[in-house]
Amino acid sequence: MIIGVPQEIKIGETRVSMTPSLCRRCVSLGAQVLVQKSAGARSGFTDEEYRAAGATLVSTARKVWSQAEMILKVKEHQPSEYPLIRPGQILFCYFHFAASKELTRALLKTRSVAIAYETIRLDSGEHPLLTPMSEVAGKMAIQEGAKYLERSMGGKGILLGGVPGVRRGR
């Protein structure tokens, strides 16, 4: 199996779909992993880390798409990626099909195999790929809320942790 990891192109997305440790595991199981150069940079992973894990670095997303049997992404495919999808190619990411009729129709036309992370469920009912993201979002909500309590962000200047002599924020 040839697994491709293109750089995420959705605005604001800084994650990468495969860490070097997962790359190493896939390679050890016999997969060939193609990683677009700098795909992991915004997540703190260097090209050298992917190379050391056994990945082949590829210069462009188009080359990743044209050679990979399976494409791993984090976020849903963007319209500029639709023409790169081949019939039978396996696509694995957070699709959120219910939120985008355009995406759903576009992928149906490609005749690819689209597997949405958010729909994978264990026999126990747990969503192993959605649950961690929900946990991160819950933790980030507190952090983001605290940021917007700061005066510089238009808030009331509330410090959630408090300081001696001042009641902590609630």
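Hydrogens, waters and symmetry mates are skipped; everything else that's a heavy atom, side chains included, is used.
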I'd like to know whether CZ of R24 has more than 12 heavy-atom contacts from other residues, nucleotides or ligands below 6.0 angstrom. yes
Whether the side chain of Y117 engages the backbone of K75 through a donor-acceptor N/O pair (distance < 3.5 Å, no angle test) should be reported. no
Output yes when E81 and K73 qualify as a salt bridge under the 4.0 Å nitrogen-oxygen rule, no when they do not. yes
List the atom of T19, the atom of Y50, and the distance in Å for their closest heavy-atom pair. C-CE2, 3.8 Å
Hey, could you give me the CG/CG distance between L107 and L91, rounded to the nearest 0.5 Å? 6.5 Å
Kindly check if the number of other-residue, nucleotide or ligand heavy atoms within 6.0 Å of CZ (R62) is above 12? no
Under 3.5 Å, side chain of Q89 to main-chain N/O of A68, donor-acceptor pair present? yes
List the steps, then state whether side-chain contact (heavy atoms from CB on, under 4.5 Å) holds for E150 with K156. CA-CA 6 Å; E150 297 173 14; K156 294 182 178 183; over 6 Å; no
Hey, is the main chain of K63 close enough, under 3.5 Å, to the side chain of T60 for a donor-acceptor pair? yes
Checking E69 against I3 for the side-chain contact (heavy atoms from CB on, under 4.5 Å) test, could you report, in this order, the C-alpha distance in whole Å, the side-chain angles of both residues, the deciding distance, and whether it holds? CA-CA 6 Å; E69 297 167 281; I3 302 170; over 6 Å; no
Which atom pair, heavy atoms only, marks the closest approach of I85 to W65? CG1-CZ3, 3.5 Å
Backbone N or O of T14 within a donor-acceptor pair of the E8 side chain at under 3.5 Å? no
Closest non-hydrogen atoms of E49 and G44, given as atom of the first, atom of the second and distance, are OE1-O, 3.8 Å
Take F95 and H77 through the ring-ring contact (aromatic ring centres under 6.0 Å, His included) test and state the conclusion after the steps. CA-CA 7 Å; F95 277 108; H77 296 69; 5.1 Å; yes
Within the side chain of S112, is there an N or O that forms a donor-acceptor pair under 3.5 Å with the backbone of A114? no
Do V113 and I71 share a hydrophobic cluster, counting only Ile, Leu, Val, Met, Phe, Trp and Tyr and linking them when any side-chain heavy atoms are less than 4.5 Å apart? no
Are any of the side-chain heavy atoms of C93 and V74 separated by less than 4.5 Å? no
Minimal heavy-atom distance between S17 and L22, with the atoms involved, is O-CD2, 4.4 Å
Distance, nearest 0.5 Å, that separates CD1 of I115 from CG of L129: 10.5 Å
d(F92 CZ, M18 CE) to nearest 0.5 Å is 10.5 Å
Taking S66's backbone N and O only, do any of them form a donor-acceptor pair with R86's side chain (distance below 3.5 Å, no angle check)? yes
Is a side-chain N or O of T131 found less than 3.5 angstrom from the main chain of P128, in a donor-acceptor match? no
State, to 0.1 Å, how close M1 and M70 come at their nearest heavy-atom pair, and which atoms those are. SD-CB, 3.7 Å
Got a donor-acceptor contact below 3.5 angstrom from the D47 side chain to the K37 backbone? no
Within a 6.0 Å radius of atom CD1 on I11, are there more than 12 heavy atoms belonging to other residues, nucleotides or ligands? no
From F45 atom CZ to S38 atom OG, the distance as rounded to the nearest 0.5 Å: 14.0 Å
Under 4.0 Å between a side-chain nitrogen and a carboxylate oxygen: does that hold for R15 and E13? yes
Rounded at 0.5 Å granularity, tell me how far CE in M153 sits from CD in E144. 8.0 Å
For P6, the option from V35, L34, V16, V64 that meets side chain to side chain contact (heavy atoms under 4.5 Å, CB included): V64
Would you compute the distance between atom CG of L159 and atom CZ of R151 and round it to the nearest 0.5 angstrom? 12.0 Å
Determine whether V5 and L84 fall in the same hydrophobic cluster, where Ile, Leu, Val, Met, Phe, Trp and Tyr are linked whenever their side-chain heavy atoms lie under 4.5 Å apart. no
Please list all pairs passing the salt bridge (charged side-chain N to carboxylate O under 4.0 Å, His left out) test where one or both residues lie in residues 105-131, with sequence neighbours left out. none
What heavy-atom pair brings Y82 and T110 nearest, and what distance separates the two atoms? O-CG2, 4.2 Å
Could you check L160 against L149 for side-chain contact (heavy atoms from CB on, under 4.5 Å), going step by step and ending with a plain yes or no? CA-CA 9 Å; L160 288 181; L149 289 172; 3.8 Å; yes
With side-chain contact (heavy atoms from CB on, under 4.5 Å) as the test, would you mind laying out the steps for Y94 and L130 before giving the verdict? CA-CA 9 Å; Y94 287 107; L130 189 57; 4.2 Å; yes
